[in-house]
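Chain letters run A, B, ... following the sequence lines, proteins first, then strands; residues in each count from 1. All values reported here derive from a predicted model rather than from experimental measurement. Reckoned from all heavy atoms, side chains included, excluding hydrogens, waters and symmetry mates.
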There are 2 protein chains.
Amino acid sequence: MIELPDSILNTVKSFSKLPGVGHKTALRQVMSMVKWSEEDLADFSSAVEQLKFVKKCDECGMYANESLCEICQTESRKEPATLCVVETISDLMAIENSKEYSGLYHVLGGVLNPLLGVGPDQLKLDRIAERVNKINIENVVLAINPSVEGDATCSYIKQLLKDVNVERIGFGVPIGGSLEFLDPLTISKALENRKRL
Amino acid sequence: MIELPDSILNTVKSFSKLPGVGHKTALRQVMSMVKWSEEDLADFSSAVEQLKFVKKCDECGMYANESLCEICQTESRKEPATLCVVETISDLMAIENSKEYSGLYHVLGGVLNPLLGVGPDQLKLDRIAERVNKINIENVVLAINPSVEGDATCSYIKQLLKDVNVERIGFGVPIGGSLEFLDPLTISKALENRKRL
């Protein structure tokens, strides 16, 4: 195979580390970047370098420009006294985009997984109880994905928070979904969670 | 929608310029990069910056570390006295990967397209005739994709090179292809190009 210049190969190597990007996609993207203007390349390069300065909110774990994120700084967010616990920042953003929730968040950064050495200490689950007391939370919504590990994490948090109302988001048929193509577990959840009309 | 830190938004903006990458994919990739080590980020950043130094071969137009690319520097490549004309560097690499060709190349950088203002001067088609004389090429293989513009480009080059043998690569059913799903043009080309067994 023909040797490409080192600068191309190095960029391909870095690109290949991204999720869903293999060698072929990386090569295609880098070969299109070779045609970019020097300015666009400099912008990209410095933007990537700046990523190391991304901070997380001391309270909830969301990205932040200061020590507190935008959500934790907004006083009106504290009013419904509700805390939504999510696994990742992407999950938090998905909930924000639904515009259905106006309370505070708590990003766990994962779920309990004893096989991978992720216990309550690694996820700092005690911090949830601390925050619940500190900001007088009354309702906790567990927006944790359905899986064996997610279920275990929910049970653990439920036991931790005895004095507040702990709820988990509903499971069932997604909007636009078709019963025909859904897995049996989702359908049994949908039947279980049926509502009177 | 929630505001993300500027460093993330800037990187997402640069990523979105890549082919086949929309805002959603870019965001997903950048959010995974936030978790990278400082070293990996620095490697990526400097690799991207170095892309501006990628040079092209003075002779054929392939990427090169010096003024001539690896292929043009290899003496044995000049022996069959064959020049393969391609549209892009990616096409050149596809042919190299087939390991069926051992001659020289010429990268056009496009095809004739009067509507977009791409004429023989923009593609520097005279350079092909110059090179053919300079290195005593006897055969020219036109590995230009089949399209109206590609066909016109081939005709033009054929007229330009009167003293050498000019051939175009064969068109037909691709290996692994199925007649059932192929377009009528490919099938008529396949019938036209049939060979006695």
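Between A:Pro174 and A:Leu182 the shortest side-chain heavy-atom distance falls below 4.5 Å. With contacts defined as side-chain heavy-atom distances shorter than 4.5 Å, the pair A:Val164/A:Glu138 does not qualify. Between A:Pro120 and A:Tyr156 the shortest side-chain heavy-atom distance falls below 4.5 Å. Under the 4.5 Å side-chain criterion, counting only non-hydrogen atoms from C-beta, A:Leu108 is not in contact with A:Thr88.
If you measure heavy-atom distances from A:Thr11 to chain B, the contacts under 4.5 Å come from both the backbone and the side chain. When heavy atoms are compared at a cutoff of 4.5 Å, A:Lys17 approaches chain B by way of both its backbone and its side chain. Neither the backbone nor the side chain of A:Phe53 comes within contact range of chain B; no heavy atoms are under 4.5 Å apart. Contacts between B:Ile89 and chain A at a heavy-atom distance below 4.5 Å involve backbone atoms as well as side-chain atoms. Residue B:Val12: no heavy atom, backbone or side chain, is found under 4.5 Å from chain A. Interface remark: B:Lys55 contributes no atoms to any contact with chain A (heavy atom separation under 4.5 Å). For chain A, the nearby parts of B:Ser90 are the backbone and the side chain; heavy atoms of each come within less than 4.5 Å.
Between chain B and the residues A:Cys69, A:Pro19, A:Ser46, the most heavy-atom pairs under 4.5 angstrom are made by A:Pro19. Ranked by non-hydrogen atom pairs under 4.5 Å with chain B, the options A:Gln50, A:Glu38, A:Met62 are led by A:Glu38.
Within 6.0 Å of the NZ atom in A:Lys78, the count of heavy atoms belonging to other residues, nucleotides or ligands exceeds 12. Counting non-hydrogen atoms of neighbouring residues, nucleotides and ligands closer than 6.0 angstrom, the NZ atom of A:Lys189 reaches no more than 12 such neighbours.
For the residue pair B:Asp183/B:Thr186, the side-chain donor-acceptor check at 3.5 Å is satisfied.
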